[in-house]
**Q** 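Structure provided below as structure tokens; questions to follow.
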2 protein chains.
Amino acid sequence: MKFNIKDVAKKAEVSISTVSRVINESKVVRPETQKKVIKAIEELGYKPNAIARSLKVKNTKTIGIMIPDISNQFYPEVVRGVEDIANMYNYNIFLCNTDLDDEKEMQYFDALAEKQVDGIIFMGNIVSEELYSKIKFYNIPLVLIGADYEDLPSVTINNTEAAYTVVKYLIEKGHKRIGMITGKKHDPVTGVTRLKGYKDALKESGLLFDEELIIEGGYRFKSGYEAAKRLLELENKPTAIFVANDEMALGVTRLALEMNIKVPEDLAIIGFDNIDMSQKFYPALTTVAQPMYEMGAIGMRVLTKILKDEPIDTNKVLLNYSLIERESS
Amino acid sequence: MKFNIKDVAKKAEVSISTVSRVINESKVVRPETQKKVIKAIEELGYKPNAIARSLKVKNTKTIGIMIPDISNQFYPEVVRGVEDIANMYNYNIFLCNTDLDDEKEMQYFDALAEKQVDGIIFMGNIVSEELYSKIKFYNIPLVLIGADYEDLPSVTINNTEAAYTVVKYLIEKGHKRIGMITGKKHDPVTGVTRLKGYKDALKESGLLFDEELIIEGGYRFKSGYEAAKRLLELENKPTAIFVANDEMALGVTRLALEMNIKVPEDLAIIGFDNIDMSQKFYPALTTVAQPMYEMGAIGMRVLTKILKDEPIDTNKVLLNYSLIERESS
DNA sequence: TTGTATGCGTTATCAC
DNA sequence: GTGATAACGCATACAA
């Protein structure tokens, strides 16, 4: 039931080159013969074998996307952006969940390389040196989304500045004790940068930094819930909490609801990411919107340009974030 | 910078067959020569070309997964299940978002077929006849998740029974007027089946069916919100609403919160799916848990069995759902 | 405009 | 235990 180009050639009474030509829409073939061939193709239900083709043409029209975990709220949207653009340019995408695990990242990278992907979209908190040197060695086009490293092409937002904006906004609203639930302290993208923005804003406003108000979170809902509990048990409680991601911020909101704390009157909460649920929660969460779909779409667009050897203006794209004011602040 | 088996052979001073043997861990090769070859491989940083290999061995260790939309709450979890098992058996997966669009489904199917995937995991509300005949014609192993059609292998839950259980539970709690926000009326999996369960429970309890209490929803948050509004504007309001999916049920909850309606005292709400957010929302949502991760994992496991020509007990797997009682009922 | 022949990087069959 | 060599299905340089 599976035919190849030879079968088509025989059926259409032409050579395989001619069949190949009509498949690849070469202009040179006579209309009549083209018709014959197309007829044969349809009658047999023939489909070209992309594997064989790839072997010859040395590209696979396939890219890989490496993300921490598709079942985490944040990533599906960027994957969607990648996919829509990939689809537009006739690429298929390999999905790889790395769980932020170095070893898994290496394994997937190898697998993608062996499967001859034309390029890779990478999301992860850090790029290990080992991975970096592999990327260079095998010379596989790769673009980073949401993180930045060395000379690799990337699309990101300015995290420090965004955090700064948030805290500044809170200060202007009159808050003097502002708590923060951070990402992992050593995480260069959601951890250190956002904390730095927080500190910058405080300093600029002449507020002093109080270590007690900073709690390192673990990104998940529960971790936000528990960090908030600690913050609210302080004698000198914060009147506002800036949380390094929405998932945790929703955990904070949940706790406030349970404890009958009025949001935003008694406690203002601001998150980061603008995940889908942040607007659906009650009260709806004020948050920093990262243009997730766009980050994916633009990342993929950059990749296609690299693949087509088109010149790119910058290989460091910085996208705009925006503070979305909703009910929690 | 890219080497092939020939380069390795030359460097190790053996034939390419020998290199191939060590790569594929054939037992027959002498330890010393094996060492030589491995050394050469490492020195060159050689990676076998999986495309060329596939052409020869006629499998790609690749499967495709077709889902409506990865950025919709429900699917990432099942994709995760698929991926984890796929990974275990050394398969990579092509991700395809179909948006429930027939044409896109066909396009992706063709693309996957051309790329010679070994099998396909399919999620969608219905299987079009055209798609079905293609599946048969090209004879590509495919398993359905969350839906069922003809003789195709599938993994599902008993939707009618689950809906029946929900409504029965509500009736036992004393509710007499129970509203329902359904899926699309013609959707065989979330639409007709769940509505049937609702009707069955009513009938069995001697309650009469009131058309006015049924509203067709559109699956999304907003659609639930608006359907609930209509339900609550009725003179003879329902005291409970059964919603065909969580996303919409959360919309209902949001409305209740805004309208200061006490949940569950004045209005009980029950959803379907047990998406991640349903437990995080306040009040937490009572819902029917579909074992999403398991559906993906088991679906993939069925697929691997088919691919290995192992016997499978049934090609129709029916998984257990469970009613998770939380704060909204 | 069409056909013949070669090779893409592997694996597998057969000798040796 | 190892090495030649013929496929796998296709695209393409070259010949006709």
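For clarity, every value in this text was computed on a predicted model and none was experimentally measured. Values below: every heavy atom of this structure, side chains too, minus hydrogens, waters and symmetry copies. The sequence lines fix the lettering, A, B, ..., with proteins before strands; numbering per chain opens at 1.
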**Q** Assess the side chains of A:D84 and A:Y293: does a donor N or O sit below 3.5 Å from an acceptor N or O?
**A** yes
**Q** Counting the atoms with a prime plus P, OP1 and OP2 as sugar-phosphate, which does B:S17 contact under 4.0 Å by heavy atoms, base, sugar-phosphate, or nothing?
**A** base
**Q** Between B:K2 and C:dG9, is there a side-chain N or O to OP1/OP2 distance below 4.0 Å?
**A** no
**Q** In terms of side-chain heavy atoms of A:V14, which of C:dG3, D:dA4, D:dA11 is nearest?
**A** C:dG3
**Q** Distance check needed: D:dA11 P versus A:I51 CD1, whole Å only.
**A** 13 Å
**Q** Without decimals, in angstroms, what is the distance between A:R53 CZ and C:dG9 C1'?
**A** 17 Å
**Q** Quick one: which of C:dT10, C:dT2, D:dG3 gets closest to the side chain of A:V28?
**A** C:dT2
**Q** Please state whether the phosphate of D:dC8, meaning OP1 or OP2, lies under 4.0 angstrom from any side-chain nitrogen or oxygen of A:N4.
**A** no
**Q** Without decimals, in angstroms, what is the distance between A:I23 CD1 and D:dT12 P?
**A** 12 Å
**Q** Give the rounded distance in Å between these two atoms: CD of A:E114 and C1' of C:dT10.
**A** 13 Å
**Q** Does B:E13 or B:K58 map to a spot on DNA chain D nearer the 5' end, using the closest nucleotide for each?
**A** B:E13
**Q** Per the side chain to side chain contact (heavy atoms under 4.5 Å, CB included) rule, which among B:I93, B:V143, B:I63 passes with B:M300?
**A** B:I63
**Q** Give a yes-or-no answer on whether the side chains of B:Y132 and B:D151 include a donor-acceptor pair shorter than 3.5 Å.
**A** yes
**Q** Look at all strands and tell whether B:V57 reaches a base, only sugar-phosphate, or nothing, counting heavy atoms closer than 4.0 Å.
**A** sugar-phosphate
**Q** Categorize A:I16 for me: base, sugar-phosphate, or nothing, with a 4.0 angstrom heavy-atom threshold over every strand shown.
**A** base
**Q** Is B:S54 touching bases, backbone alone, or none of the nucleic acid, heavy atoms closer than 4.0 Å?
**A** nothing
**Q** For the residue pair B:D118 / B:N59, report whether a side-chain donor-acceptor contact shorter than 3.5 Å exists.
**A** no
**Q** Examine C:dG3: is either OP1 or OP2 under 4.0 Å from a nitrogen or oxygen in the side chain of A:T18? Give yes or no.
**A** yes
**Q** Whole Å only: how far is the CD1 atom of B:I41 from the P atom of C:dT10?
**A** 10 Å
**Q** Specify the separation, in whole Å, of atom NZ of B:K10 and atom P of D:dG3.
**A** 15 Å
**Q** Consider the side chain of B:Y46, meaning its heavy atoms from C-beta on, and name the nucleotide among C:dT10, D:dC10, D:dA4 that approaches it most closely.
**A** C:dT10
**Q** Just to confirm, is there a sub-4.0 Å distance from OP1 or OP2 of C:dT10 to any side-chain nitrogen or oxygen of B:S20?
**A** no
**Q** So, OP1 or OP2 of D:dT2: does either fall under 4.0 Å of a side-chain N or O from B:R21?
**A** no
**Q** Looking at B:R30, I'd like to know whether one of its side-chain N or O atoms comes within less than 4.0 Å of OP1 or OP2 on D:dG1.
**A** no
**Q** Does the base of C:dG7 carry an N or O that pairs as donor and acceptor with the side chain of A:K56 under 3.5 Å?
**A** yes
**Q** CZ of A:F3 versus C1' of D:dC8: gap in Å, rounded?
**A** 18 Å
**Q** Between A:Y219 and A:T190, does any side-chain donor sit less than 3.5 Å from a side-chain acceptor?
**A** yes
**Q** Rounded to whole Å, how long is the line connecting atom CG of A:L55 with atom P of C:dC8?
**A** 9 Å
**Q** Have a look at B:K6 and say if it touches a base, only the backbone sugar-phosphate, or nothing, with a 4.0 Å heavy-atom cut-off.
**A** nothing
**Q** How about A:N92 and A:T62: does a side-chain donor come under 3.5 Å of a side-chain acceptor?
**A** no
**Q** So does B:N49 get a side-chain nitrogen or oxygen closer than 4.0 Å to the phosphate oxygens (OP1/OP2) of C:dG9?
**A** no
